[in-house]
Amino acid sequence: MHGMISKPPGAAANLATSRLVLLLLVVMTGVAPISLYILVPALPVLATNFGSDISIAQMTVSLYMVGIALSQLIMGPLSDRFGRRPVLLGGLALMVVASVACIFAETLPQLIAARFFQALGGASGMVISRAIIRDIYERDRVASMISLVVAALMIGQMVSPLTGGLIETAFGWRAIFYAITIAAIIVAVGIAVALPETRRSRGAGSGFRGDVGILIRNRAFVGYVMCQVLASQIIFTFAGGGPYIVVTQMGRSSAEYGAWFATSGFAFLVGNLLCVRFAPRHSLEKLIWFGLALQLAGSLANLLWSIIGWNEAPAWLFGTQMIVMAGNAFVMANSAAGAISIRPEAAGTASGTMGFLQQGIGALMSQFGAYLGGHSATTLPLTGAVLAISLLCACVMIFVVPRREVVVSEALIEQAEEEESGMM
């Protein structure tokens, strides 16, 4: 069992109702992305202080995102093999060391390298939190719990740039890394003290290659992952092209763009809160279809406004995008819940694969969105791309994900696991 600590029958139920465990899930999920956004307001200061171009300072963000993507692929399988706690604590220890290195960085390349390792360690919380949710909650509650964690995280992400700007203005940019270091230590101590091991018992033949082989041969897993990853690309594509459309095409200020973009984040937050409310009473497939309907309706309307010419005003563009983002929250949360429920004892591997694809493809789609927004005179190319991604999402649900009567239930999951262990 690879050192798995057996838990008493009521342990999972106690964890599922613990507010402290829920708080830990939120903070371990948020420590990496919040550390990403909190530095953004200080990028011009970094470029000035190190005598470098702003594009070089931007690498403290872009390589941080690469670190997040790689961490998803590494930490998830490790948590399945060695347990959630040791991998989490190891990742946060790496984040603390890297954050201290950021504080004492003397050159911009040193800071960029330290930021990469900061993300590599800190993002362990993002991938393992989803696995822990699958460990302690039943399948029909996974989507609502993921949505609840994401909703709380969204609030933190909204205020983190403002927090970073205030810290930099009052104390200098290095103080931002003091704050990140302290936060990482607090999260690590909380996990060490209050979070028991949640990983499920594994069969003697279980391993990374076996888990991956079983998952990629499962149509439902592939379909849910494709749906979740495609839905996330709507966010990356729109975020990449939005600044060029609002600032360059519409002639508005960057501050006004920031205010309008916040409406998309607010709609995503509302969508997650609604998912928390409705997920316990409806199947995740129905909620995915509801989200897909909103995505398609909003993106189709936005394309129509582009053809008519109404999208030349931010209110039309972002007002309709809010519909897309509310639906996007339903699709992403429930698709993620479906993917990590296919093989519960390999939830870390499933979560890591999904997170890696999401972040890795997202970096490319962000550049693609920036190209569409920066090399056109209208919003039509960007809104057309968002509609195309929404249609691909729907096609995945139609042609890849099995119908409801074929989709695994908890009983069928357990039955399949027994059959697999018997074959091994």
Side-chain angles (χ1 to χ4, degrees), residues 1-2 4 69-82 84 87 127-128 130-135 137-140 142-143 146 199-233 283-285 288-289 292 331-362 392-424:
M1 303 293 178
H2 307 306
M4 176 65 185
L70 290 176
S71 180
Q72 306 275 308
L73 198 60
I74 296 169
M75 299 299 184
L78 285 178
S79 75
D80 286 338
R81 175 66 175 80
F82 299 104
R84 314 303 186 204
V87 178
V127 59
I128 296 175
R130 289 192 295 261
I132 291 174
I133 288 173
R134 186 61 190 93
D135 291 339
Y137 293 101
E138 297 298 326
R139 182 177 187 265
D140 58 0
V142 171
I146 290 177
R199 185 191 57 164
R200 295 178 179 229
S201 299
R202 295 169 63 80
S206 296
F208 174 71
R209 286 191 298 177
D211 289 339
V212 171
I214 291 169
L215 289 172
I216 63 176
R217 290 194 298 270
N218 188 291
R219 271 185 62 194
F221 173 77
V222 172
Y224 285 133
V225 168
M226 288 177 63
C227 194
Q228 201 271 353
V229 171
L230 283 169
S232 69
Q233 301 317 303
S283 71
L284 63 85
E285 289 82 8
I288 291 173
W289 276 113
L292 287 171
V331 177
M332 289 184 63
N334 288 280
S335 297
I340 64 178
S341 295
I342 298 301
R343 187 169 172 78
E345 74 274 27
T349 301
S351 175
T353 302
M354 185 168 54
F356 173 76
L357 292 173
Q358 178 181 316
Q359 296 290 331
I361 299 174
L392 281 175
C393 261
C395 287
V396 167
M397 280 299 294
I398 295 172
F399 298 111
V400 181
V401 177
R403 295 293 181 266
R404 175 59 182 168
E405 61 269 20
V406 182
V407 174
V408 289
S409 63
E410 283 287 347
L412 289 177
I413 288 172
E414 294 175 1
Q415 179 183 346
E417 289 169 356
E418 292 174 0
E419 292 173 356
E420 289 160 6
S421 61
M423 292 171 61
M424 296 169 127

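Both backbone and side-chain heavy atoms feed into the values below; hydrogens, waters and symmetry mates do not. As the structure is a prediction and not an experimental result, all values here were calculated from the model.
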Phe356 and Ile74, any side-chain heavy atoms less than 4.5 Å apart: no
Beyond-backbone contact of Cys227 with Val331, side-chain heavy atoms, under 4.5 angstrom: yes
Note, Val396 side chain near Tyr224 side chain (heavy atom, < 4.5 Å): no
Distance (rounded to the nearest 0.5 Å) between Leu215 CG and Thr349 OG1: 7.0 Å
Straight-line distance of Gln228 CD to Gln233 CD, nearest 0.5 Å: 9.0 Å
Check: Val401 and Arg219 side chains under 4.5 Å, non-hydrogen atoms: no
Exam field: side chain Ser351 to backbone Ala131, donor-acceptor pair closer than 3.5 Å: no
Nearest-0.5 Å distance, CE of residue Met332 to CD of residue Gln358: 4.5 Å
From CD1 (Ile146) to CZ (Arg130), nearest 0.5 Å: 7.0 Å
Heavy-atom donor-acceptor pair, Ser79 side chain to Gly76 backbone, under 3.5 Å: yes
Gln72 and Gln359: side chain donor to acceptor below 3.5 Å: no
Interatomic spacing from OG in Ser283 to CG in Asn334 - rounded to 0.5 Å: 8.5 Å
Straight-line distance of Leu230 CG to Leu392 CG, nearest 0.5 Å: 5.5 Å
Side chain proximity check, Asn218 to Ile214, heavy atoms < 4.5 angstrom: no
Backbone N/O of Gly213 and side chain of Arg217: donor-acceptor pair under 3.5 Å: yes
